[in-house]
Amino acid sequence: MMDATVEKAFNEQMNKEFYSNYIYLAMSAWAESQNLRGVATWFRTRANEELVHANKFYDYLNSRLARVRLAAIAQPPVDWKNALAVFEQAFEHEQFITRSISETLTVARQKSDHAAEVFLQWFVNEQVEEEEVADLAAAQLR
């Protein structure tokens, strides 16, 4: 069984991953409205990847016989000043997710949940790539 504190942290992180899907869909929709089809495709791909990440948490919680608790997903922004602004926000969002994954890992460590630590290590490594890709995309427009 999973400790209640770890379970809560995992559910919160799952919600953030679903929000990541949502914000990248919003960014894709904005890009489509600006006739920036390549940008729209780039963000749609990111959105799909974030949905996979959210489902990893969903599946992991179930595998640990923990309770999945779906919560409301916050409404993302719908407008940006320009393409650079949308990519810069994507980079900021990835930094936020990195901090959140680190906080979730800290909770798992405090509760000596070694299985959760191992699971989260994949996300720690993934966030290095996520930040790099978002930053490189924004840098091309600076």
Side-chain angles (χ1 to χ4, degrees), residues 2-111 113-142:
M2 187 178 247
D3 176 87
T5 305
V6 177
E7 179 180 312
K8 182 177 186 281
F10 269 61
N11 274 293
E12 289 171 356
Q13 187 61 43
M14 178 179 62
N15 181 269
K16 290 172 186 169
E17 300 294 339
F18 278 123
Y19 178 78
S20 295
N21 166 262
Y22 224 42
I23 194 170
Y24 289 150
L25 277 177
M27 291 171 170
S28 179
W30 173 84
E32 282 285 350
S33 76
Q34 302 299 304
N35 202 28
L36 300 170
R37 303 233 165 151
V39 172
T41 299
W42 192 89
F43 278 109
R44 187 68 181 264
T45 301
R46 301 280 83 71
N48 291 338
E49 185 176 305
E50 296 303 333
L51 187 57
V52 169
H53 295 173
N55 279 309
K56 283 180 181 274
F57 278 93
Y58 179 95
D59 292 339
Y60 184 78
L61 283 162
N62 280 319
S63 74
R64 294 287 306 274
L65 307 177
R67 180 77 190 270
V68 171
R69 298 186 189 276
L70 299 175
I73 301 170
Q75 180 178 349
V78 296
D79 286 309
W80 287 267
K81 179 179 172 183
N82 54 39
L84 176 58
V86 78
F87 279 107
E88 286 179 336
Q89 184 167 8
F91 178 59
E92 290 170 13
H93 180 72
E94 289 302 337
Q95 291 175 313
F96 164 75
I97 293 297
T98 297
R99 287 189 302 275
S100 183
I101 292 289
S102 293
E103 291 165 6
T104 304
L105 179 58
T106 297
V107 170
R109 283 186 176 151
Q110 289 171 342
K111 296 297 182 175
D113 189 333
H114 304 296
E117 286 187 59
V118 170
F119 172 82
L120 289 167
Q121 190 59 53
W122 183 89
F123 286 92
V124 169
N125 295 333
E126 176 71 4
Q127 281 309 118
V128 171
E129 177 187 335
E130 296 283 347
E131 283 190 32
E132 179 185 30
V133 167
D135 187 43
L136 287 172
Q140 291 181 7
L141 296 173
R142 287 189 192 111

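Along the sequence shown, residues carry numbers from 1.
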Locate the shortest heavy-atom distance separating [X] from [Y]; write the atom from each residue and the value.
X: S28; Y: A40; answer: OG-O, 2.8 Å
X: A134; Y: W42; answer: CA-CH2, 4.3 Å
X: L36; Y: A83; answer: CD1-CB, 4.2 Å
X: N15; Y: A72; answer: ND2-O, 3.0 Å
X: Y24; Y: A90; answer: OH-O, 3.5 Å
X: I23; Y: P76; answer: CA-CB, 3.7 Å

**Prompt:** How far apart are the C-alpha atoms of E126 and E49, what are their side-chain angles, what is the distance that settles it, and do they pass the side chain to side chain contact (heavy atoms under 4.5 Å, CB included) test?
**Reply:** CA-CA 11 Å; E126 176 71 4; E49 185 176 305; 2.9 Å; yes
**Prompt:** Excluding sequence neighbours, so at least two apart, what forms side-chain hydrogen bond (donor to acceptor under 3.5 Å, both in side chains) with W30?
**Reply:** none
**Request:** Go through R44 and E32 one step at a time and tell me if the salt bridge (Lys or Arg N to Asp or Glu O under 4.0 Å) criterion holds.
**Result:** CA-CA 10 Å; R44 187 68 181 264; E32 282 285 350; over 6 Å; no
**Prompt:** Looking just at side-chain N and O atoms, do Q13 and E17 make a donor-acceptor pair shorter than 3.5 Å?
**Reply:** yes
**Asked** Do the charged groups of R99 and E103 touch, with an N to O distance under 4.0 Å?
**Response** no
**Request:** Output yes when E7 and R64 qualify as a salt bridge under the 4.0 Å nitrogen-oxygen rule, no when they do not.
**Result:** no
Report all side-chain donor-acceptor pairs from residues 118-125 shorter than 3.5 Å, counting only partners two or more places apart or in another chain.
unit_1 : atom_1 : unit_2 : atom_2 : d
Q121   : NE2    : N125   : OD1    : 3.4
N125   : ND2    : Q121   : O      : 3.4

Find the distance between [atom1] ([X]) and [atom2] ([Y]) and round it off to the nearest 0.5 Å.
X: L141; Y: L84; atom1: CG; atom2: CG; result: 5.5 Å
X: I101; Y: E94; atom1: CD1; atom2: CD; result: 10.0 Å
X: H53; Y: E130; atom1: NE2; atom2: CD; result: 5.0 Å
X: D3; Y: Q110; atom1: CG; atom2: CD; result: 10.5 Å
X: T104; Y: N11; atom1: OG1; atom2: CG; result: 10.5 Å
X: K111; Y: T5; atom1: NZ; atom2: OG1; result: 4.0 Å

Would you mind reporting whether [Y] and [X] have side-chain heavy atoms less than 4.5 Å apart?
X: L105; Y: E117; value: yes
X: R46; Y: H93; value: no
X: F87; Y: F43; value: yes
X: I97; Y: Y19; value: no
X: V128; Y: E132; value: no

**Prompt:** Is there a donor-acceptor pair under 3.5 Å between the side chain of T106 and the backbone N or O of S102?
**Reply:** yes
**Request:** Would you confirm whether N55, through its side chain, and Y58, through its main-chain N or O, come within 3.5 Å as a donor-acceptor pair?
**Result:** no
**Message:** Can you pull out every side-chain hydrogen bond (donor to acceptor under 3.5 Å, both in side chains) where at least one residue sits in residues 66-81? Sequence neighbours excluded, please.
**Reply:** W80-Q89
**Prompt:** For Y60, does the OH atom sit with more than 12 other heavy atoms under 6.0 Å from it, leaving out its own atoms?
**Reply:** yes
